[in-house]
Student: 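One structure, pasted below without further comment.
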Amino acid sequence: MGSIVSSTAAKGGGKNGKGKQQQQQQQQQQPPQQHARPDDSENKPEDANHTQTLWILIFRGSPRDIQSARVTELSIVFDDNESKNLTIRIQGQHPSFSVDEVWNQPPPRTRPHFFRRLAVATVETHSELDTRLRDAILGTQVNNTESDWTCQSWVGDVLTTLQDARLITVEEGDNALNSMVNYIARAPWH
């Protein structure tokens, strides 16, 4: 499935001693662990640490659920508050793709054609207004030159951008990309 990932995406190993199925199950069930998580996320002073959890959202293809029609988006959840989120996705079709952002979407499982939500990483920030993660995602180049480039390719490109910016680890990016590819591959080929 060459059309799913970019040529620059996911160059590390990232197995961490676990089988692929075990990694996927763990990743899908809970957000990734973060370091030095604050105990009280409700009553934090303004200068206390905040978190942003990045998720890959996968939607079934419509009207037919085939691999090439599966849609991928990215979602940032702020401070573990599911109602405070940002969804970033590719809109349009070749050669006119653009990036779109939508704030405070309903939970993914309530959206039409939802299939899976995969955890990528939880990033600690010092301000609720920290936009490094968002800016890196929005700064990832949209490829309107290659006709087989899709939203699935874009997610691979974004993960590489986030790895290069050291906002996520190589292992986090590789695990998320591998899980995404495996879940997309579960759809019929044609």
Side-chain angles (χ1 to χ4, degrees), residues 1-37 49-61 67-68 70-80 82 85-90 99 105 107-109 111 113-125 130 132-141 143 149-187:
M1 279 181 57
S3 66
I4 292 178
V5 298
S6 75
S7 59
T8 60
K11 295 197 174 20
K15 295 252 187 225
N16 201 18
K18 297 179 183 172
K20 280 185 182 179
Q21 186 174 15
Q22 187 180 6
Q23 285 178 4
Q24 290 169 0
Q25 289 171 346
Q26 178 183 0
Q27 193 172 24
Q28 154 187 349
Q29 293 170 358
Q30 60 191 18
Q33 297 211 350
Q34 64 197 26
H35 303 289
R37 182 178 190 141
N49 285 342
H50 295 270
T51 61
Q52 297 176 7
T53 301
L54 179 64
W55 298 89
I56 297 173
L57 306 179
I58 303 173
F59 296 87
R60 289 180 179 87
Q67 292 177 13
S68 62
R70 290 234 163 144
V71 174
T72 55
E73 301 176 352
L74 294 171
S75 176
I76 302 171
V77 174
F78 297 88
D79 291 328
D80 294 327
E82 292 288 333
N85 63 73
L86 171 62
T87 299
I88 305 174
R89 59 188 173 202
I90 293 295
V99 177
Q105 289 271 69
R109 68 185 169 280
R111 293 175 52 200
H113 311 292
F114 174 72
F115 180 64
R116 286 281 186 273
R117 180 172 87 159
L118 305 172
V120 177
T122 296
V123 177
E124 286 196 1
T125 62
D130 189 313
R132 289 176 301 149
L133 189 57
R134 174 190 170 268
D135 293 347
I137 293 169
L138 293 176
T140 301
Q141 189 71 26
N143 183 343
W149 190 87
T150 66
C151 58
Q152 299 167 7
S153 309
W154 176 74
V155 169
D157 293 347
V158 166
L159 294 174
T160 298
T161 297
L162 296 176
Q163 289 170 331
D164 291 347
R166 297 181 185 249
L167 292 170
I168 65 172
T169 67
V170 170
E171 183 178 16
E172 289 167 334
D174 289 352
N175 288 341
L177 184 64
N178 290 335
S179 293
M180 181 187 84
V181 169
N182 287 332
Y183 280 111
I184 289 170
R186 293 181 182 185

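What you see below is based on every heavy atom in this structure, not just the backbone, and it leaves out hydrogens, waters and symmetry mates.
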Student: Taking all non-hydrogen atoms of both residues into account, name the closest pair between L167 and L133 and its distance.
Tutor: CD1-CA, 4.1 Å
Student: Go through it in stages, so that I can follow the logic: the residues are R60 and R70, the test is side chain to side chain contact (heavy atoms under 4.5 Å, CB included), and I'd like the CA-CA distance, side-chain angles, deciding distance and then a yes or no.
Tutor: CA-CA 5 Å; R60 289 180 179 87; R70 290 234 163 144; 4.3 Å; yes
Student: Can you name the closest pair of heavy atoms from R111 and R89 and give their distance?
Tutor: NH2-NH1, 3.5 Å
Student: Quick one: closest heavy-atom pair of R117 and P108, and the distance?
Tutor: CD-CG, 4.1 Å
Student: Judged by modelled atom types alone, do W149 and D157 share a side-chain donor-acceptor pair under 3.5 Å?
Tutor: yes
Student: For the pair Q67 (side chain) and A187 (backbone), establish whether a donor and an acceptor sit closer than 3.5 Å, ignoring hydrogens and angles.
Tutor: yes
Student: Could you pull out all residues at least two apart from T87 that satisfy side-chain hydrogen bond (donor to acceptor under 3.5 Å, both in side chains)?
Tutor: none
Student: Check whether Q52 reaches the backbone of T125 with its side chain - one donor and one acceptor, N or O, closer than 3.5 Å.
Tutor: no
Student: Return the set of residues passing side-chain contact (heavy atoms from CB on, under 4.5 Å) with R109 (not counting sequence neighbours), or none when no residue passes.
Tutor: P107, F114
Student: Please report the closest heavy-atom contact between W154 and I137, naming both atoms and the distance.
Tutor: CZ2-CG2, 3.8 Å
Student: Looking only at heavy atoms, which two atoms of G173 and Q163 are closest? And how far apart?
Tutor: CA-NE2, 3.3 Å
Student: Return the minimal non-hydrogen interatomic distance between T72 and M180, and the atom names on each side.
Tutor: CG2-SD, 3.8 Å
Student: Given I90, which partner from the list T150, N143, V99, V155 fulfils the side chain to side chain contact (heavy atoms under 4.5 Å, CB included) test?
Tutor: V99
Student: Distance-only, no hydrogens or angles: does the N85 side chain make a donor-acceptor pair with backbone N or O of I76 under 3.5 Å?
Tutor: no
Student: How many angstroms lie between CG in L74 and CG in L159, if you round to the nearest 0.5 Å?
Tutor: 7.0 Å
